[in-house]
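This report refers to the structure that appears directly beneath it.
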Amino acid sequence: MEYDFKAIEAKWRQHWKQQGTYTVQEDGDKEKFYVLDMFPYPSGAGLHVGHPLGYIASDIIARYKRQQGYNVLHPQGYDSFGLPAEQYAIQTGQHPAITTERNIARYREQLDLLGFSYDWSREVRTSSPEYYRWTQWIFARLFEHGYDRGAGQSSPISTLKSHFAGHGNATVDWEVGMDTLIAAGTQCWGDGFEGHFTADQWNALDEKGQASLLMAYRLAYLADSEVNWCPALGTVLANDEVIGGRSERGGHPVVRKKMRQWMMRITAFADRLLDGLDGIDWSDSIKEVQRNWIGKSTGAQLRFSVQDHPGQEIEVFSTRPDTLHGANFLVLAPEHELVQIVTTPKERAAVDAYCHETSSRSERERMAGDRGMSGCFTGAHALHPLTGEPMPIWIADYVLAGYGTGAVMAVPAGDQRDWEFAQAFGLDIPAIFEGHDIAEGACTEKDAILCNSGDWSGLSCEEALPRAIRETEAAGFAQPRVNYRLRDAVFSRQRYWGEPFPICYVNGVPQLVEGAQVLLPEVDAYLPTEDGDPPLARAEKWNVLQGDRMEFNTMPGWAGSSWYFLRYMDPHNSDALCSREKSDYWGQVDLYVGGAEHGTGHLLYSRFWTKFLFDLGLIGFDEPFAKMVNQGMILGRSSFVYRVEGTNTFVTFEQRKAHRTQRLHVDISMVRNDILDLDAFKAWRPEFADAQFELNEDGAYRCGSEVEKMSKSKYNVENPDDLVERFGADTLRCYEMFLGPLEQAKPWDTQGISGVHNFLRKFTRLYLNGEEGVLVTDTPPSAEALRTLHKTIKKVTEDLDRLSWNTVVSALMIGINELTEMGCHDREVLQPLAAILSPYAPHLAEELWATAGGAGSAVDAPWPKWDPEKLVEAEVRYPVQFNGKVRFQLEVASDLSPSDVESAVLEDARTLKQLDGRAPRKVIVVPGRIINIVG
RNA sequence: GCCCGGAUGGUGGAAUUGGUAGACACGACGGACUUAAAAUCCGUUGGCCCGUAGGGCCGUGCGGGUUCAAGUCCCGCUCCGGGUACCA
């Protein structure tokens, strides 16, 4: 056999392992390049062909850069805390660590088959104490820091503390959780605390009181807040883990609940997270997702006084204070605290009923997606700040408690939802736009001209907006305001399999554990206690026990994955999460490859933590991933059989419409070219053992098919191990790239793999032959062979530089086809050819590199440079167009000037024939490209 | 609804700055080898038309436009995929 891939791949894998080929060290003489795959969660299901797609792409770049002389960091590890292992533990009693260990072993086995150039000596696992020690450490620093808005960066809480002792908090411009501060201050000094305290007040407090006030300033803080509670998982979830009212993992219902939780003040970094997007090379769509998630909007916060409730004010946020004259009612979220206060006795029953209704139905309602306008009048009125007119106060669920102030001023003429609400409840729609028919809907155009708006009448909205902000502020009932959609992130999980917090409680006050790392304790069951405390409350033995009790929550999945790219730089450091020296050398990730599904989770949180670590001076950059590529999903091709309803008889795809049938997925391993293996099908499941088939005329059972997501439940999974067994890892690597552009979703079709396999065989046959052995000769290559070589080097190099992985394979195929036709076996051609094959088919390339007499390993074979002179041809073949249509080809010497080409083409007999006596009006010669004759 | 992608042969796709549309590969068809099949090798393969040689016309989701020249740029649509949503 010429291409014995099994022997070749086993041999070189062994060789690399023995030589430690992929171990890298910092090397100041070389420029670095950092290629990283998104952190995998080692799931029990193993890999299907879609998973390695991104790993292959990144490995190719890593190998390419290494051959170009870069010092390449290309690590891999496991995000090994997480829900699936714990769910499994709940069901079986098996410790998640054991399941996780087993899954990692299986994962590694599959990865090893594919010939990746990972430096496994740098492997990290988030669930290992040596790793999560530093996750805990970062948490502790977040606890010890707040955000100084004036300085625009994180600052130690200790400085704040001394400031309070000297000056109180009146002059402090730090990010603060107002609700937490007011609640804490009220505890200390009673009702009437509005957020400011003096140095004397501060100094008079005991430690507990001071701690509760400081909590409002910490970046990691404990607070009572509305959280997403998932009863089925028994834990809270962050906003990005909830999709359409259900948990991202498992699809369980999620309800709002007020709970005391650890939170992360990511909102302090909102502007930096937004601005930082401009400097990084990510896809526009992911940047857009992050921008929307942060949701910055500017406008004004306006206060409306309430009739008959002196002192009560309703605050609203509006991006359009210029439309204030058109505001004629207010709408509060049903959960708004003033609802209970202002509702009149007459409306009380209706309001209570409405509030109850919304709280119970909102999740289902939002899932269903239909949203008729609903609402309820409170009986109360606010006063228009400009006219003093009474404005009815309504409640409605289209106003969200969690956004802005939970209240809006309704401008039915200028906002479509307000307009619909007014329509639904028969409220007036005051016209404030010139020439706009309010019966048709709201007017949201920015260039509309205002009317009935006092001094602002006649101005466009764009002109009126800054004036409105200025004048309402001067009038004393508004302030300019920037509002964000981004909320602080919940950081507690009521689960077992996660990082324990380095926190204990003393008199109910949370404190950092001193002097020792808190390890995840053993528990007798992975379930909440009878009192509803998280599983860690079951622990009878902790390795550290300080204060009255330990923290029972664990950290969320994104904790460990927010900084892992730093640990790879210095994985065994026991003094620091990563030395500054190493992070200065390796720096940002130069290429990050992974799915696009982490836009609002991991990719935002790791940017947040990176900025924090940067503020602390621990690293020298504040964006983790300089460039990112998101690979598309590989889709599976599912096969179907059609069972006649109520029978055990199956009809073919062609006959399915003649009967009432049920469509059932069948395992694609039983189907070849859409024809079902009947015996295999009968043996598949007991219920099919006596299945009857109505076959087509040719005696075959033809299945239906559809392209859909690759998943176990659809029986359309293609497993990389099987394909490696049949074709080899090099073929699989090349084929996954050959499928199409990395970013695009594409269906998997195993049939096509033979073409790529043939290509590698053909490649081999230039070097080796079954009968004659090594064919490589030292004869000087022909100009033609050199041209093919240099053309291929050029194309492959340029395509890799623009991350066009798929076209590289085609370019190599074309080169090989040409050299095969020429019968080229010249060492001078074959050696560089093996070098440029190496990133794609590293095992075969090693073999061929050695065969062609290359020195050392192909992994370090210098990347060849193309020589432009070798590309030059003596003759150039011009397509000749007449009025844009190609009529013939003209061969001319390639050094002819454009005017000489023009005379040559005009003299050509075929030109005269085409022109048929007409005089050409214009002749365009694009040198080396095309000739177009107009006339 | 909004935002972001995308639409090219039977299929996956190529065409990088406007310059020969369909590279490369799969599949299909025809042939060689073979008792036969598999494997392998060779040839044909966007559609329509002129019997052939050679040509001609049409053709990159649809309708317009700019240009000597448009898959590529502009305007207006249709459909498909993904994300997101009462965000004030």
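Hydrogens, waters and symmetry mates are skipped; everything else that's a heavy atom, side chains included, is used. Chain naming here is simple, since letters A, B, ... match the order of the sequence lines and numbering starts at 1 in each.
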Rounded to whole Å, the NZ-C1' distance (A/Lys296 to B/C87) equals 16 Å
Whole Å only: how far is the CG atom of A/Asp799 from the C1' atom of B/G13?
-> 14 Å
Taking OP1 and OP2 of B/G13, is either one under 4.0 Å from a side-chain nitrogen or oxygen of A/Gln744?
-> yes
In whole angstroms, how far is the C1' atom of B/C2 from the CG atom of A/Asp284?
-> 17 Å
Same-atom distance (P) from B/G76 to B/U84, integer angstrom = 28 Å
Can you tell which of B/G13, B/A25, B/U40 lies closest to the side chain of A/Asn758?
-> B/U40
Is the distance from OP1 or OP2 of B/G5 to the nearest side-chain N or O of A/Asn630 less than 4.0 Å?
-> no
Tell me yes or no: between the side chains of A/Thr750 and A/Glu718, is some donor less than 3.5 Å from an acceptor?
-> yes
Proximal nucleotide (of B/C87, B/C26, B/A14) relative to the A/Leu400 side chain = B/C87
Provide, to the nearest angstrom, the distance between the NZ atom belonging to A/Lys885 and the P atom belonging to B/G56.
-> 10 Å
Pick base, sugar-phosphate or nothing for A/Asn483, based on heavy-atom distances below 4.0 Å to the nucleic acid.
-> nothing
Using 4.0 Å as the upper bound for N to carboxylate O, is an ion pair formed by A/Arg291 and A/Glu288?
-> yes
Calculate the interatomic distance between A/Leu53 atom CG and B/G12 atom P; express it in whole Å.
-> 17 Å
Just call it for A/Ser285: base, sugar-phosphate, or nothing, with non-hydrogen atoms closer than 4.0 Å on any strand.
-> sugar-phosphate
Short N-O contact, A/Glu798 and A/Lys794, less than 4.0 angstrom = yes
How would you label the contact of A/Arg761 with the nucleic acid (heavy atoms, under 4.0 Å): base, sugar-phosphate, or nothing?
-> sugar-phosphate
Closest of B/G12, B/G13, B/A88 to the A/Phe738 side chain is B/G12
Rounding to the closest angstrom, what is the interatomic distance between B/C26 and B/G22 at atom C1'?
-> 15 Å
Grab the CG-P distance between A/Asn292 and B/C86 for me, whole Å please.
-> 13 Å
How long is the span from the CG atom in A/Asn932 to the CZ atom in A/Phe882, to the nearest 0.5 Å?
-> 9.0 Å
Can you give me the N/O atom pairs linking the protein to nucleotides 18-20 of chain B at distances under 3.5 Å, or say none if there are none?
from, atom 1, to, atom 2, distance (Å)
B/U20, O2, A/Gln889, NE2, 3.4

Does the pair A/Lys296/A/Asp271 count as a salt bridge with the N-to-O cut at 4.0 Å?
-> yes
Picking from B/G12, B/A23, B/G27, which would you name as closest to the side chain of A/Ser810?
-> B/A23
Fill in the dot-bracket string of RNA chain B, one character per base: . for unpaired, | for a pair to another strand, ( ) or [ ] for pairs within the strand, taking Watson-Crick or G-U pairs under 3.5 Å.
-> (((((((..(((......[....)))((((((.......))))))(((((...)))))..(((((..]....))))))))))))....
Options B/C24, B/G13, B/A88, nucleotide nearest the side-chain atoms of A/Ser318 = B/A88
Rounded to whole angstrom units, what separation is found between the CZ atom of A/Arg303 and the P atom of B/A88?
-> 21 Å
Is there a donor-acceptor pair under 3.5 Å between the side chain of A/Tyr878 and the backbone N or O of A/Val892?
-> no
Taking atom P in both B/G83 and B/G31, what distance in whole Å separates the two?
-> 50 Å
Got a list of side-chain donor-acceptor pairs under 3.5 Å for residues 596-603 of chain A, not counting sequence neighbours?
from, atom 1, to, atom 2, distance (Å)
A/His602, ND1, A/Ser561, O, 3.3
A/His602, NE2, A/Tyr592, OH, 2.7

P atom, B/U60 versus B/U20: distance in rounded Å?
-> 16 Å
Donor/acceptor link under 3.5 angstrom from A/Asp397 side chain onto base of B/C86 = yes
Side chain to side chain contact (heavy atoms under 4.5 Å, CB included) between A/Thr298 and A/Arg481, intermediate numbers included = CA-CA 6 Å; A/Thr298 54; A/Arg481 176 72 193 252; over 6 Å; no
Which whole number of Å gives the distance between the P atom of B/G18 and that of B/C73?
-> 8 Å
Going through the checks in order, is the side-chain hydrogen bond (donor to acceptor under 3.5 Å, both in side chains) test met by A/Asp418 and A/Tyr398?
-> CA-CA 9 Å; A/Asp418 296 345; A/Tyr398 83 84; 2.7 Å; yes
For A/Arg417 and B/G1, what is the distance between atoms CZ and P respectively, to the nearest whole Å?
-> 17 Å
Mind running ring pair (Phe, Tyr, Trp, His ring centres under 6.0 Å) on A/Tyr840 and A/Trp805 for me, showing each step along the way?
-> CA-CA 9 Å; A/Tyr840 277 75; A/Trp805 284 272; 8.7 Å; no
Have a look at A/Val408 and say if it touches a base, only the backbone sugar-phosphate, or nothing, with a 4.0 Å heavy-atom cut-off.
-> base
Look at the side-chain N and O atoms of A/Lys922 and state whether any lies under 4.0 Å from the OP1 or OP2 oxygen of B/C68.
-> yes
Any donor-acceptor N or O pair under 3.5 Å, side chains A/Glu818, A/Thr788 | yes
C1' spacing across the pair B/A23 / B/U11, given as an integer number of angstrom | 16 Å
Considering all heavy atoms of both residues, which atom of A/Ala442 and which atom of A/Gln416 are nearest to each other, and what is their separation?
-> N-OE1, 3.1 Å
Taking the side chain of A/Asn806 as heavy atoms from C-beta outward, which of B/A14, B/C86, B/C41 is closest to it?
-> B/A14
